[in-house]
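Structure first, commentary second.
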There are 2 protein chains.
Amino acid sequence: MKQIQKKNEGTRFKRTPQRLAILEYLEGNTSHPSAEDIFRVVSKRYQSMSFATVYNTLNTLTRAGELRELTIDPERKRYDPDTSRHHHLICVLCGKIADIPEKIGVELPKDMAEHFVLLGHHIEFYGHCSSCQKKNKAK
Amino acid sequence: MKQIQKKNEGTRFKRTPQRLAILEYLEGNTSHPSAEDIFRVVSKRYQSMSFATVYNTLNTLTRAGELRELTIDPERKRYDPDTSRHHHLICVLCGKIADIPEKIGVELPKDMAEHFVLLGHHIEFYGHCSSCQKKNKAK
DNA sequence: ATAATGCTTAGAATAATTATAATTTATTCA
DNA sequence: TGAATAAATTATAATTATTCTAAGCATTAT
């Protein structure tokens, strides 16, 4: 008799060494890395690591809700291991992305939300970060 | 003696027929089209139109502040001829993007904004649009 | 007219991401 | 424990979006 599959997210996919290495790198990481960033770091310790594995793992984790795919950087996808509701602060000069906790109440105008099932929202704040300001002053 | 260049944005670049065709298509367009969408439509009327011209024009217009480049769709860039401050409502089922006027006040927590020169913000609301809801009910 | 400048074109090049096929590694369960 | 099965990894090819390049055209200024 086939047992009911465990609902536990953590055991839903095989914990291969490659995946563990990627997960370990992402754990607590607030730098919003791209696939390439992840590959660069993780492949150093794990010689045979393939780029495809990075993408596969990221897609798997995203589908499982363990990871958030960010569409903030126009050049590439970024990944955020923090899947809780929060927003982002982007420096338009250096591209750095910082987290903003969600303590900001935002309401959609009623007439717009009426015909929409609203699932969530994401705010991108953009501006100049402190280190870029210093750099510019120095000139 | 070299004359001072006109500051007027509208006359800063040549109004070639290709550019006019693209501009005409974008005028008042609220569908947030991709470069390909634009190419498909405009090249029908303008046989010789090249894809590179579409990209060149879009980049030129974006740099000139006549067009907003949207980083909402993870697959490709979208373009919005409405450069006024406003937000977007995205159907995660069909990908349609609607406009939301900016009458929503949003404040950054003070401690975060302190070291940042804040230039603006953009909110993405996501959910299910009415036509996708109907489609799902029909099943 | 001629030169200079900027635009368009076709196609090549690049970069990010996904697909494929063969092999290897986990997991299951007898 | 150890086959059988399922899933993951790898290397590489393929795809897609976008940018670059080089040559020709058009427009403007001389």
Side-chain angles (χ1 to χ4, degrees), chain A residues 1-6 8-25 32-40 42-64 66-67 69-79 95, chain B residues 1-6 8-25 32-40 42-64 66-67 69-79 95:
Chain A
M1 191 203 320
K2 198 180 276 179
Q3 259 195 270
I4 292 154
Q5 282 200 263
K6 291 200 191 98
N8 184 340
E9 299 281 2
T11 59
R12 207 161 78 187
F13 30 78
K14 289 188 188 170
R15 319 188 89 230
T16 65
Q18 291 88 336
R19 290 180 170 184
L20 290 173
I22 292 171
L23 281 165
E24 195 190 334
Y25 175 65
H32 311 85
S34 67
E36 213 208 320
D37 295 334
I38 295 165
F39 176 75
R40 209 178 12 246
V42 175
S43 67
K44 222 175 267 174
R45 303 202 159 261
Y46 215 93
Q47 282 301 334
S48 71
M49 168 76 64
S50 145
F51 226 120
T53 298
V54 173
Y55 277 110
N56 287 340
T57 302
L58 293 175
N59 287 338
T60 301
L61 293 173
T62 301
R63 268 185 241 108
E66 302 278 318
L67 197 59
E69 190 180 283
L70 300 181
T71 306
I72 284 181
D73 183 334
E75 310 308 327
R76 70 200 102 260
K77 288 175 188 161
R78 304 289 208 98
Y79 294 89
Chain B
M1 194 203 321
K2 198 180 276 180
Q3 261 194 269
I4 291 154
Q5 282 200 265
K6 292 201 189 99
N8 186 340
E9 298 280 3
T11 60
R12 208 162 77 188
F13 29 79
K14 286 191 191 167
R15 319 188 89 228
T16 65
Q18 291 89 336
R19 290 182 172 183
L20 288 174
I22 293 172
L23 281 165
E24 196 190 335
Y25 176 65
H32 310 85
S34 67
E36 214 207 320
D37 296 333
I38 295 165
F39 176 76
R40 210 178 10 248
V42 175
S43 67
K44 221 175 266 173
R45 303 203 157 261
Y46 215 93
Q47 282 302 332
S48 72
M49 169 76 64
S50 148
F51 227 120
T53 298
V54 173
Y55 277 111
N56 285 341
T57 301
L58 293 174
N59 287 338
T60 301
L61 292 173
T62 302
R63 269 186 240 108
E66 302 278 318
L67 199 59
E69 189 180 284
L70 300 181
T71 306
I72 284 180
D73 183 335
E75 311 309 325
R76 69 200 101 257
K77 288 174 187 160
R78 303 290 207 98
Y79 294 89

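Order of the sequence lines sets the chain letters (A, B, ...), proteins ahead of strands, with each chain counted from 1. What you see below is based on every heavy atom in this structure, not just the backbone, and it leaves out hydrogens, waters and symmetry mates. All values derive from a computational prediction rather than experimental measurement.
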What are the atom names and distances for every N/O pair under 3.5 Å that joins the protein to nucleotides 1-3 of chain D?
none

Collect all protein-nucleotide pairs involving nucleotides 9-11 of chain D in which both atoms are nitrogen or oxygen and the distance is under 3.5 Å.
{"unit_1": "D/dT9", "atom_1": "OP1", "unit_2": "A/T16", "atom_2": "OG1", "d": "2.5"}
{"unit_1": "D/dT9", "atom_1": "O3'", "unit_2": "A/Q18", "atom_2": "NE2", "d": "2.9"}
{"unit_1": "D/dT10", "atom_1": "OP1", "unit_2": "A/Q18", "atom_2": "NE2", "d": "3.3"}
{"unit_1": "D/dT10", "atom_1": "OP1", "unit_2": "A/S48", "atom_2": "O", "d": "2.9"}
{"unit_1": "D/dT10", "atom_1": "OP1", "unit_2": "A/S48", "atom_2": "OG", "d": "2.6"}
{"unit_1": "D/dT10", "atom_1": "OP2", "unit_2": "A/S50", "atom_2": "N", "d": "3.1"}
{"unit_1": "D/dT10", "atom_1": "OP2", "unit_2": "A/T53", "atom_2": "OG1", "d": "2.8"}
{"unit_1": "D/dT10", "atom_1": "O5'", "unit_2": "A/S48", "atom_2": "O", "d": "3.2"}

Anything under 3.5 Å between a protein N or O and an N or O of nucleotides 15-17 of chain D, put it in a table, one pair a line.
{"unit_1": "D/dA17", "atom_1": "OP1", "unit_2": "B/R76", "atom_2": "NH1", "d": "2.3"}

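Taking atom CG on B/L20 and atom P on D/dT27, their separation rounds to 12 Å, with Å as the unit. Rounded to an integer number of Å, the gap from CG of A/D37 to P of C/dA16 is 10 Å. Nucleotide D/dA7 holds its P atom 18 Å from the CZ atom of A/R15, rounded to whole Å. If you measure from atom CG of A/L23 to atom C1' of D/dA8, you get 14 Å, rounded to the nearest angstrom. Per the geometry, CG belonging to B/N59 stands 15 Å off C1' belonging to C/dT8, to the nearest Å. Remark: P of D/dC20 and CZ of B/F51 are 16 Å apart, rounded to the nearest angstrom. Distance A/K14 NZ to C/dA26 C1': 4 Å, rounded to the nearest Å. At whole-Å resolution of the value, CZ in A/F39 and C1' in C/dA15 are 15 Å apart.
Under the side chain to side chain donor-acceptor pair (under 3.5 Å) criterion, A/T71 pairs with no residue, sequence neighbours left out. Evaluation of the side chain to side chain donor-acceptor pair (under 3.5 Å) rule for B/R78 yields B/D73 as partners, not counting sequence neighbours. Legend: residues meeting side chain to side chain donor-acceptor pair (under 3.5 Å) with A/N56, ordered by chain and number and at least two apart, are absent. Take A/Y46 and apply the ring-ring contact (aromatic ring centres under 6.0 Å, His included) test, not counting sequence neighbours, and it matches no residue. With sequence neighbours excluded, the residues that form a salt bridge (charged side-chain N to carboxylate O under 4.0 Å, His left out) with B/E36 are B/R40. Applying the side chain to side chain donor-acceptor pair (under 3.5 Å) test to A/E69 and every residue at least two apart in sequence or in another chain returns nothing. With sequence neighbours excluded, the residues that form a side-chain contact (heavy atoms from CB on, under 4.5 Å) with B/S43 are B/F39, B/M49. Under the ring-ring contact (aromatic ring centres under 6.0 Å, His included) criterion, A/Y79 pairs with no residue at all, not counting sequence neighbours.
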*Are B/E66 and B/F13 close enough, and set up right, to give a side chain to side chain contact (heavy atoms under 4.5 Å, CB included), and what steps lead you there?*
CA-CA 12 Å; B/E66 302 278 318; B/F13 29 79; 4.3 Å; yes

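Smallest separation of non-hydrogen atoms from B/D37 and B/S34: OD2-N, 2.9 Å.
Screening B/T60, B/V54, B/L61 for a side-chain contact (heavy atoms from CB on, under 4.5 Å) involving B/T57 leaves a single residue, B/L61.
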